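In this text, all values refer to a predicted model and were calculated from it rather than measured experimentally. Atoms considered below: every heavy atom in the structure, side chains included; atoms not considered: hydrogens, waters and symmetry mates.
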Amino acid sequence: MTERYMQYLPATVSEYTEFQRLGEIEGVILEEETQAKTQLEADQWIQTASRAGLLRRADMMGIAVSESDDTEWLRETILSYWNSHRPYTYFMLCDWLDGFCGAENYRAKLAYDAYRLTIVLELNQKEKKEQILRHWRLLIPANIVLEVQLNTNTYGKVGQLRHRTLQENQWTYGEIPFVDLREYLAE
């Protein structure tokens with residue numbers, strides 16, 4: 001470590017004991033600074049970032065993570081979030097929804113003249129409603145109205161059920177519209 005400091009001194013000064021002692025002290029500091037610089041450069045990229053760099057990037061991106069999360073899981077989460085910020089297109093939205101919800105679990109309709117995007121989710125995907133709304137509100141243009149609705153049970157669906165089935169499941173009038181009835185309607 002002394003060599004790092006000594007290489008910057010003229011040959012006549014490097015012979016003094018005081019400068020050699022300074023070289024021992026300053027060499028350690030220069031080595032620490034070199035390591036910090038190398039780590040900072042590595043933390044600039046998601047693929048090579050350290051755990052501290054990933055936590056800092058997650059904080060800057062607004063991703064809620066825990067200190068106990070696995071480093072590689074954290075890297076994948078940040079990379080996934082980073083890659084999801086692409087320019088908005090309707091076809092990209094449908095492709096994303098196919099992967100997130102399944103192609104049969106949603107309907108998306110874009111009304112160009114009204115500047116309205118409506119996504120209707122099936123009831124088995126109702127827990128994803130807020131996440132879809134939060135994610136796509138950031139991506140779509142501000143002048144498009146985004147609606148995420150649930151395909152609730154209407155009388156047409158519920159009317160096919162027997163009264164006994166409703167009693168056995170102890171569904172109240174307010175619960176029936178939001179219960180996934182697919183397994184009961186298949187009977």
Between [X] and [Y], is any pair of side-chain heavy atoms under 4.5 Å apart?
{"X": "N105", "Y": "F100", "value": "no"}
{"X": "V65", "Y": "I78", "value": "no"}
{"X": "R107", "Y": "E122", "value": "yes"}
{"X": "D69", "Y": "T77", "value": "no"}
{"X": "I119", "Y": "L133", "value": "no"}
{"X": "E32", "Y": "V28", "value": "yes"}

Practice task
Report yes or no: do M60 and L54 belong to one cluster of Ile/Leu/Val/Met/Phe/Trp/Tyr joined by side chain heavy-atom distances under 4.5 Å?
Solution key: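 No, M60 does not connect to L54 through the hydrophobic network.
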Exercise for the section: May I ask whether Y106 and I144 are part of the same hydrophobic cluster, defined by side-chain heavy atoms of I, L, V, M, F, W, Y residues being less than 4.5 angstrom apart, directly or through others? Expected result: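 Shared cluster, yes.
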Exercise for the section: Check the pair Q125, K128 against side-chain hydrogen bond (donor to acceptor under 3.5 Å, both in side chains), reporting the backbone distance first and the verdict last. Expected result: CA-CA 6 Å; Q125 301 293 314; K128 296 180 179 180; 3.0 Å; yes
Handout entry: Salt bridge E33-K37, side-chain N to carboxylate O under 4.0 Å
Key = no
Handout entry: E18/R21 salt bridge by N-O under 4.0 Å criterion
Key = no
Exercise for the section: Return each pair, listed once, that meets salt bridge (charged side-chain N to carboxylate O under 4.0 Å, His left out) where at least one residue sits in residues 43-60; pairs must be two or more places apart or across chains. Expected result: D43-R56
Practice task
Show your reasoning for whether side-chain contact (heavy atoms from CB on, under 4.5 Å) applies to L93 and L117.
Solution key: CA-CA 10 Å; L93 166 94; L117 173 61; 3.9 Å; yes
Exercise for the section: Sequence neighbours left out, what passes side chain to side chain contact (heavy atoms under 4.5 Å, CB included) with L79? Give chain and number order. Expected result: I46, Q47, N83
Practice task
Just jot down the ring pair (Phe, Tyr, Trp, His ring centres under 6.0 Å) partners of Y16, sequence neighbours excluded, or say none.
Solution key: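 Testing Y16 for ring pair (Phe, Tyr, Trp, His ring centres under 6.0 Å), a comparison that skips the adjacent residues, returns none.
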Problem - Least distance between heavy atoms, C101 atom then L121 atom - result: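 Here C101 and L121 meet closest at SG-CD2, 3.9 Å.
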